[in-house]
Amino acid sequence: MRYLLLVAVSLSIVLIVALSLMVRGRRSGVAVPEREAGPPAEISRGAADSREHLTSQIGAEAGTTAQAPFKELAPEDRAIKAPDTTSRSGSAVLDAGVESSTGVPSELLASRLVKARRAIGVALGRIFKRQTIDSRTWDSLEEALLAADVGVKLVMELVASANEEVRARKLTDPRDLVEVVRHLVEEMLAGKDRSLAESENPPTTYLFVGVNGSGKTTSIAKLAKRLSRGGEHQVVLAAADTFRAAATEQLEIWGQRVGARVVKGSEGGDPGAVVFDAVGFARAKGASYLLVDTAGRLHTNVNLMEELKKIVRVATKAGAPPSEILLVLDATTGQNGLSQAKTFKEAVDITGIVLTKLDGSAKGGIVLAIEEALGVPVKLVGIGEGEDDLIDFDPKAFAEALFGEVLLTDDPEST
Amino acid sequence: VFESISQKLEGALARLRSKGRLTEADVNEALADVRIALLDGDVNVRVARSLVDRVRERAVGAALDKSLDPGHQVVKIVYEELVETLGREPVRLKLASIPPTIVFLAGLQGSGKTTTAGKLATWFRREGKRPILVACDLQRPAAVDQLRKVGESAGVPVYWEEPPADPVEVGRRALEYVGTTDRDVMIVDTAGRLAVDEELMAELARLKQALSPHAVLLVVDAMTGQDAVSVAQEFVDKVGVDGVILSKLDGDARGGAAISVRAVTGAPIYFAGVGERLEDLEIFYPDRMAGRILGMGDILTVIEKASGAIDEGSARTLQEKIAEGKYDLEDFLAQMRQLRSAGPLGKLLSLLPGLPGIGKIQESDVDERELSRIEAIILSMTPEERANPKIIDGSRRKRIARGAGVQPSDVNALLEQFFVVQKMVKQISGVSLPKRLRKLASGIDLSALSDAGVGLGLGTATPPSSGRALPRTPAFKGIPGATKKGPAKKKKKKRK
C-alpha cells in the first residue's frame with residue numbers, strides 16, 4: 001500500500017517541477033515582502049506608534065541625560081575602567097589607548113589574538129621545524145592558511161605567488177617563507193580607505209546589516225560609545241530590528257550603557273517607519289550620528305533583502321542617506337561569508353565590513369577573499385565583549401595575527 | 001562563486017570515465033578535486049584529509065576487485081563516507097525515564113541558542129510533551145526578555161528571574177520549581193560564549209554539575225568555517241557534548257561544519273534549524289546532509305513534505321487513474337491544492353537541487369498568486385474541458401480567460417504545460433510498479449545524465465538511489481530515483 005503513496009508523491013514532484021516552470025516563466029515583479037510576525041505595518045501606523053514612544057522619550061529626556069554615565073567620565077576614568085571590561089575575557093591587555101581612535105596600536109590586536117594564533121601556530125611550527133623549504137613545508141603552509149578560512153582559491157594563489165618569490169630570491173629558510181606570505185597578505189590589504197565616511201549634513205547615518213547572530217546590535221553599541229567621544233557628540237540609535245523578540249530591549253539596554261538615545265517602533269512593525277522617525281528625531285535633537293540596527297537576515301531570503309533596500313530608500317528620502325552600510329560578519333564564518341558579502345553588496349551596496357568576535361579562536365580569513373573578490377574593505381573589528389572592544393581594522397595587525405611570531409608548540413604530527 | 005561539489009566531481013570524474021579502469025593515480029587525481037570541494041564546503045582541513053584518505057583506500061581496492069564504472073564507484077564512496085561520518089541514521093533524543101528530562105543548550109554567541117530553545121520547546125509540545133524553558137542566559141542584554149517572548153509565542157511556560165542573578169542558582173531554583181509542576185522536559189538556555197572565555201565555560205560546567213542534565217546540546221551555526229573544530233573541541237573538553245543542533249541551515253551554506261563537529265564530538269546531530277518560524281526545526285538526516293554538502297539538494301525533505309500533504313485515499317485514486325492512463329486537469333488541480341495546503345510551494349521547491357535549465361529555485365521565485373491564477377483558470381473550465389482539455393478551442397479559451405480574469409494566452413500556456421505533465425505521467429504508467437522502481441533506481445545513469453547536459457545536482461544522484469546507500473526511512477524506499485527521474489525527463493522534454 002505504501003507504494004501507492006510513493007507513486008503519488010513522485011507524481012507530485014513532477015507536478016511541482018512543472019508548476020515551478022510555469023510560475024518562473026510568467027513571474028513578474030517582486031513578491032510582497034512577507035514575514036511571519038505580523039503583516040508589514042503601514043508607514044503611517046508604524047510612524048504613529050514610534051512617535052507616541054518618542055514623546056514619552058523626550059519627556060524623560062532630562063532624567064536620561066543625568067544618568068548618562070559617559071558625561072562625567074573623562075578619558076582617564078575610562079582607562080581605569082578598562083580592566084573591568086576586559087578581565088572577563090581573560091585577556092591581560094588594557095585598551096586605554098583605544099580611545100585615540102585612529103591610531104590603534106597594532107600590538108593590541110596582535111596580543112588579543114595570541115590565542116587565535118594557537119591553531120595556526122601549530123601548522124606554522126611545523127614549517128619552522130623543517131630546515132629547508134620542501135614539499136611538506138608547502139603543505140603545512142597551505143594547511144595553515146586553509147585553517148584560517150582564507151579559502152581554497154585564494155590559498156592557491158597565495159602559495160603560487162610565494163613559490164615564485166621563493167624561487168626568484170632563492171630562499172631556503174622556512175622563516176623567510178612565512179615572511180613572504182605575510183607580506184603578500186599585507187599587500188593585498190594595502191591601499192584601501194578604511195575610514196568611516198561622514199556626512200556634511202548631520203546626522204551621519206550608518207546602517208548595520210548582516211545575517212542572524214553576527215553581532216550587529218553589540219557592534220552598534222560599541223560604535224556609539226566610540227563616536228560619542230565621551231559625550232561630545234550625540235548619537236541616536238534606531239531599533240529597526242522589529243522582528244526578533246526583545247531585539248529592541250537589547251538595544252535599549254546598550255543605549256543606556258553607552259549613553260545613546262534609542263528610537264523604537266512596535267514589534268513586528270515596519271522597520272522603515274522606525275528609520276524615518278529616527279532621522280527626524282536625530283535631526284531635531286541635533287545629533288551627529290544615527291546608527292541603524294536591522295533585523296538579522298539570511299542573504300538567501302530575497303524578501304528580506306527587499307526590505308533592506310526599502311530601509312535604505314526611506315533613510316535617503318528622509319534626507320539622511322546612509323554614509324556607510326556596514327556588513328557585520330562573524331569571524332567564525334567560513335566560505336559562506338563570501339556569498340553573504342556578495343548578496344548584501346548586490347542588494348544594498350555595502351561599503352564596509354565589521355568583523356566581529358575576532359577574540360575567539362577564529363581568524364576571519366574569509367575577509368581576505370571578500371576584499372579580493374568584491375573590494376569591500378574591513379573597517380572595524382570587534383575584539384571583546386566590553387564596550388570599548390571595537391577598533392579600527394589594521395591590515396598590518398591582521399596579517400601579524402595570522403603570521404605573527406610562531407608558537408613553537410609540540411606538534412605530534414611534525415615528528 | 002564556488003562551484004558546487006558535484007560540479008567539481010563531474011569534472012574530475014569525466015576524466016576517470018573516459019578510461020574505464022581505475023588506477024591509483026586516477027583516484028588521486030579525482031580526490032584532489034574532492035578535497036577542494038570539501039574545503040569549499042567548509043569541512044575542516046584535517047577532517048577533509050582523513051575523509052579523502054578513507055575514500056582513497058576504499059576506492060583503489062574496490063576497483064581492483066570488479067571493473068565497475070569507476071566514476072560511479074568514487075562518487076558513491078564519497079557519499080557513503082559522508083553519510084557514515086555524519087552518523088548514518090537519524091537519531092532521536094532520548095527522554096529520561098524519570099521526568100523531567102533536562103536539556104542544556106550551549107554554544108557560541110550568536111549561534112542561535114535562544115531561538116533554538118523556542119523551536120525545541122515547540123517540537124516537544126507537538127510530540128505531546130509538556131516542556132518548560134529556563135532562562136539561564138543572564139549575560140546578554142535582554143536575553144531573558146527574548147526567551148520570555150519566544151516562550152509566549154511557542155505557548156510554553158518560561159522560568160526566569162530578573163538579572164543580575166547567578167545562573168547556577170537560577171538553574172537550581174528552576175529545577176525545584178519544575179518538580180512542583182507537571183512539566184516533563186526542561187530546556188535550559190545558557191549564555192553564549194566565545195570558546196576562549198574560561199570563566200563562562202567554568203560557569204557552564206558548574207551549571208551542569210548542579211543540574212546534571214540528560215543532554216548538553218551544542219548549537220552550531222551551519223555557516224561556521226574551519227573554527228567549528230576548535231569550538232567543538234573546547235566544549236567537549238570543558239563541558240562535554242551529548243548532541244548537536246545545526247542552526248541556520250536555511251541559508252546557502254553547504255554546512256561542512258556538520259562534518260567537522262561530528263568528527264570531533266562523535267555526538268549525534270539531532271536537529272537542524274531551517275527557518276525563522278518556531279516550527280522550523282527538523283530531525284537531522286545524515287544522508288540528506290551528505291547530499292547537501294555534495295550539492296545534491298534536499299530531495300528527501302521534499303518528498304517527505306509532499307507525502308505529508310497527500311492522504312492515502314487520494315493516492316489510491318490517483319494510482320488507479322494512472323494505471324488507466326487517465327490523468328486530467330481535475331487531478332492536476334486536486335494535487336496542486338493538496339500540495340499547497342502543506343505550506344508555501346516555494347519553500348518546498350527551494351529544497352530541490354538546481355534544476356537543469358532553471359537553476360536553483362528560490363523560495364521567493366514562486367509567486368503564490370500565480371498559483372491561484374492557475375487554479376482560477378482550471379476552475380473556469382467545464383468538467384468536460386477538465387477531463388479532456390484537447391477540446392478547448394479558440395472560443396472556449398476566450399470564455400475561460402474571461403472567467404478567470406486572465407488573457408487567453410495564459411490559458412494556452414497552462415494547457416501546454418499540462419500536456420507535458422500528462423505525457424510524463426503516461427510514461428510512468430506503462431510499467432508495473434516494482435519493475436518501474438527498479439528501472440528508476442538504476443536508470444539514473446551518471447553518464448547518461450551528463451550526456452544530456454544535465455550534470456550538476458542530478459548527476460550525482462546515483463549513490464542515494466543505488467541500493468545500499470538508500471535512506472533507511474522505510475516509507476520512501478526507491479523514491480529518490482523516481483523523483484529525480486521526473487525533473488530529468490522534464491528537462492529532455494523541454495529541450496526538444
Side-chain angles (χ1 to χ4, degrees), chain A residues 2-24 26-27 31 36 88-90 115 119 143 146-149 152 211-215 245-246 249-250 253-254 298-300 302-303 330 332-336 338-339 342 357 359-362 366 373, chain B residues 1-2 36 39-40 42 45 110-112 141-142 145-146 149-150 194-199 223-227 230 248 250-253 277 302-303 306-307 310 312 315-316 318-319 335 339 345 348-349 358 361-362 364-367 370 417 420-421 424-425 433 475 479 482-483 486-487 490:
Chain A
R2 271 301 188 185
Y3 279 142
L4 296 180
L5 209 66
L6 293 185
V7 173
V9 167
S10 60
L11 269 176
S12 305
I13 306 283
V14 170
L15 179 77
I16 56 180
V17 170
L19 281 172
S20 75
L21 285 169
M22 280 180 220
V23 169
R24 256 241 170 157
R26 295 171 43 177
R27 181 183 160 232
E36 297 297 331
R88 205 164 51 73
S89 61
K115 276 166 182 150
E143 185 174 320
L146 286 170
D149 282 320
V152 177
V211 300
N212 315 64
S214 55
E249 283 86 339
Q250 189 183 348
I253 294 172
W254 272 116
L298 291 184
H299 50 294
T300 46
V302 179
N303 289 339
D330 187 327
T332 60
T333 311
Q335 299 309 301
N336 192 243
L338 190 52
S339 171
K342 198 163 168 261
K357 308 181 202 175
D359 44 344
S361 48
I366 188 64
Chain B
V1 183
F2 296 112
I36 290 173
L39 290 170
D40 270 347
D42 283 329
V45 57
S111 58
D145 290 337
Q146 189 187 347
K149 285 187 181 175
V150 163
L194 297 155
V196 291
D197 194 329
E198 306 283 339
E199 198 176 312
M223 296 179 282
T224 314
Q226 296 288 319
D227 199 39
S230 33
K248 303 179 212 172
D250 44 332
D252 59 355
R277 295 171 312 146
V302 178
I303 294 164
S307 73
I310 290 169
E312 193 156 342
R316 196 164 313 172
L318 203 56
Q319 161 79 352
Q335 246 185 314
L339 277 176
L345 201 54
L348 210 60
L349 289 171
I358 31 176
I361 299 168
Q362 300 286 342
S364 54
D365 287 341
V366 180
D367 187 348
E370 200 63 49
Q417 295 288 348
V420 174
V421 174
M424 284 193 273
V425 171
L433 207 118
I479 265 301
T483 52
K490 175 85 203 167

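This is a predicted model, so every value here is computed, not measured. So that the names make sense, note that chain A is the first sequence line, chain B the second, and so on, each numbered from 1. Hydrogens, waters and symmetry mates play no part in the numbers below; they use all other heavy atoms, side chains included.
A/Ile366 contributes atom CD1, which lies 7.5 Å from atom CG of B/Asp42 (distance to the nearest 0.5 angstrom). Note that the CG atom of A/Asn336 and the NZ atom of B/Lys248 stand 10.5 Å from one another [nearest 0.5 Å].
Interface residue A/Thr332: backbone and side-chain heavy atoms are both found under 4.5 Å from chain B.
Residues B/Pro141 and A/Ile253 share a closest heavy-atom pair of CB-CG2, 3.8 Å. Considering every non-hydrogen atom in both B/Val45 and A/Ala147, the closest pair reads CG1-CB, 4.2 Å.
Contact check for B/Leu39 versus A/Gln335: no side-chain heavy atoms found under the 4.5 Å cut-off. Under the 4.5 Å side-chain criterion, counting only non-hydrogen atoms from C-beta, A/Thr300 is not in contact with B/Asp250.
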Side chain to side chain contact (heavy atoms under 4.5 Å, CB included) assessment of A/His299 paired with B/Asp252: CA-CA 8 Å; A/His299 50 294; B/Asp252 59 355; 2.7 Å; yes
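Taking chain B as the reference chain and counting heavy-atom pairs below 4.5 Å, the highest number among A/Thr333, A/Val211, A/Leu298, A/Asp330 is found for A/Leu298.
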